[in-house]
Amino acid sequence: MSDEGGYLSGMKINGRQTRSIWLESDGWSVGIIDQTRLPHDYATLRLASCEDAARVISTMQTRGAPLIGAVAAYGMALAMRDDASDQNLERAHAVLLATRPTAINLKWALDEMIAALRNRSRAERIAAAYRRAAEICDEDVVINEAIGRNGLRLIEEIAARKKPGERVNVLTHCNAGWLATVDWGTATAPIYMAHDKGIPVHVWVDETRPRNQGASLTAFELGQHGVPHTVIPDNTGGHLMQHKLVDMAIVGTDRVTAQGDVCNKIGTYLKALAAKDNGVPFYVALPSPTIDFTVADGVAEIPIEERAGHEVATMTGRTADGRIETVTIVPTGSNVANYGFDVTPARLVTGLITERGVIAPNRKALEDNFPDHASRRPDTRKAVE
Ligand code: MRU
């Protein structure tokens with residue numbers, strides 16, 4: 001944890017404090033990290049239009065539920081810069097919303113932008129859009145820091161039960177770290193804070209096929225922060241739990257329903273089943289914009305993204321002589337399926353780590369702690385009327 005210049009940050013790349021999204025020095029275009037080049041290359045991208053923002057979300061050059069919301073918010077600001085008409089406001093909302101279906105943060109951020117812009121004159125819209133997009137980013141950082149402090153207590157409780165110096169083993173899936181948010185991450189925030197407090201925390205990192213967000217991104221982040229970690233094939237968690245090598249699981253989420261069902265990267269459900277069978281606490285870290293009070297039964301109601309088959313049929317990596325190569329690992333003619341997410345029913349979740357505390361995964365706890373979100377009715381109006 002650092003407090004340079006008054007800004008508390010979990011994210012550092014090569015020792016330099018940064019964020020996953022920023023306004024470029026021209027004051028209007030938007031910078032992001034190209035996550036498809038990590039961990040081998042650190043490269044950034046400059047977004048200059050709504051279409052640029054939509055493209056990088058679709059290609060997953062930027063990804064993670066909170067971050068795609070932030071990128072989409074700036075995509076709306078870029079759209080207003082081109083043309084601040086009602087028609088373009090509506091068009092930009094539709095273009096950005098169509099990029100990825102599962103993470104509700106995307107719709108949340110786009111609806112926030114519409115609410116901030118709908119009743120403003122064209123002349124006011126550009127400045128108002130940049131202002132709200134910047135707020136969405138700043139709010140994400142504050143929320144994640146609070147998630148970190150709340151989750152830290154859980155790690156401290158486990159550490160207190162251990163022998164001095166014995167490590168706390170946390171298993172995580174996919175990447176719910178600073179690369180998936182504006183800073184800190186959700187699932188990783190408590191881990192960074194525990195590490196910085198001197199708690200000997202070690203992370204089992206699920207590789208997370210097919211796109212390897214664990215192996216490529218979470219391992220990169222943890223390495224940058226100096227957190228001890230071990231990358232494991234996705235099938236390993238159950239074995240580790242049977243042998244008492246996992247003290248807790250913490251994962252992120254793309255959508256939590258009103259009854260506490262949790263949608264997250266494909267494979268999360270299997271880890272939750274294994275955790276239940278082995279008495280391992282299974283926690284989900286989430287910012288409030290991830291709660292979708294308009295749906296209850298996650299399995300029945302959440303749209304699950306299906307991505308291109310080549311993500312399963314191929315693997316990309318760095319060769320011994322430094323080239324990045326993609327190779328095919330599936331026989332010609334075999335069908336492949338690429339479901340991006342699955343739903344873990346609330347009954348398998350030990351607790352939800354939120355910015356307002358660690359709460360039970362049920363409707364009452366969600367409504368009691370987030371009455372401001374629960375009272376929001378689904379916005380069925382057109383973006384602009
Ligand atoms: O398909 P991705 O890489 O965008 O999926 C990301 C996840 O599933 C994360 O766990 C989730 O978005 C939470 S990020 C704080």
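Both ligands and their constituent atoms are indexed starting at 1 by order of listing. Keep in mind the model is a prediction, meaning the values are calculated, not measured.
- Side chain to side chain, Thr208 and Asp206 fail the donor-acceptor criterion of an N or O pair below 3.5 Å.
- Ligand 1 is approached by Pro66 to a heavy-atom distance shorter than 4.0 Å.
- Donor-acceptor pairing under 3.5 Å is recorded for the side chains of Glu355 and Ser288.
- Among protein heavy atoms, the minimum distance from atom 3 (O) of ligand 1 is reached at Arg63 NE, 2.5 Å.
- Each of Asp140, Thr181, Asp138 was checked for a side chain to side chain donor-acceptor pair (under 3.5 Å) with Arg19, and the lone residue meeting it is Asp138.
- Side-chain contact annotation: Asn150 with Arg153, donor-acceptor N/O pair under 3.5 Å present.
- Less than 4.0 angstrom separates some heavy atom of Lys265 from each of these atoms of ligand 1: 1 (O), 2 (P), 5 (O), 8 (O).
- Counting non-hydrogen atoms of other residues, nucleotides and ligands closer than 6.0 Å to OH of Tyr339 gives a total of 12 or fewer.
- Using a 30° and 60° split on the angle between ring planes, His195 and His225 fall in the perpendicular class, above 60°.
- The shortest separation from a heavy atom of Thr102 to ligand 1 is not under 4.0 Å, leaving the residue out of contact.
- In summary, the atoms of ligand 1 found under 4.0 Å from a heavy atom of Ala176, numbered by their order in the structure, are 14 (S), 15 (C).
- Each of the following atoms of ligand 1 lies closer than 4.0 Å to a heavy atom of Gly64: 4 (O), 12 (O).
- Close contacts of ligand 1 with Ala65, meaning ligand atoms under 4.0 Å from a residue heavy atom, involve 12 (O), 14 (S).
- In this structure, a donor-acceptor pair under 3.5 Å is absent between the side chains of Gln259 and Arg363.
- The atoms of ligand 1 that sit less than 4.0 Å from any heavy atom of Gln213 are 1 (O), 2 (P), 3 (O).
- Every atom of ligand 1 is numbered from 1 in the order shown, and the set under 4.0 Å from a heavy atom of Arg100 is 1 (O), 2 (P), 4 (O).
- Of the N and O atoms on the side chains of Thr102 and Asp254, not one donor lies less than 3.5 Å from an acceptor on the other residue.
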Sequence neighbours left out, cut at 3.5 Å: what donor-acceptor pairs do the side chains of residues 237-252 make with other protein atoms?
{"from": "Asp247", "atom 1": "OD1", "to": "Lys162", "atom 2": "NZ", "distance (Å)": "3.0"}
{"from": "Asp247", "atom 1": "OD2", "to": "Lys162", "atom 2": "NZ", "distance (Å)": "3.0"}
{"from": "Asp247", "atom 1": "OD2", "to": "Asn169", "atom 2": "N", "distance (Å)": "2.7"}

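- Atom numbering of ligand 1 starts at 1 in the shown order; those under 4.0 Å from a heavy atom of Met60 are 1 (O), 2 (P), 3 (O).
- Neither the backbone nor the side chain of Ile68 comes within contact range of ligand 1; no heavy atom lies under 4.0 Å.
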### Message
Would Leu179 and Glu221 count as a side chain to side chain contact (heavy atoms under 4.5 Å, CB included) here? Give the steps.
### Response
CA-CA 8 Å; Leu179 285 166; Glu221 276 195 24; 3.5 Å; yes
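- When only non-hydrogen protein atoms are considered, atom 11 (C) of ligand 1 lies nearest to Asp254 OD1, 3.2 Å.
- Regarding atom 10 (O) of ligand 1, its nearest protein heavy-atom neighbour is Asn264 OD1, 2.7 Å.
- In terms of protein heavy-atom proximity, atom 15 (C) of ligand 1 is nearest to Thr186 OG1, 3.2 Å.
- Of all the atoms in ligand 1, the ones that sit under 4.0 Å from a non-hydrogen atom of Thr181 are 15 (C).
- For atom 14 (S) of ligand 1, the nearest non-hydrogen atom from the set Ala180, Gly214, Cys174 belongs to Ala180.
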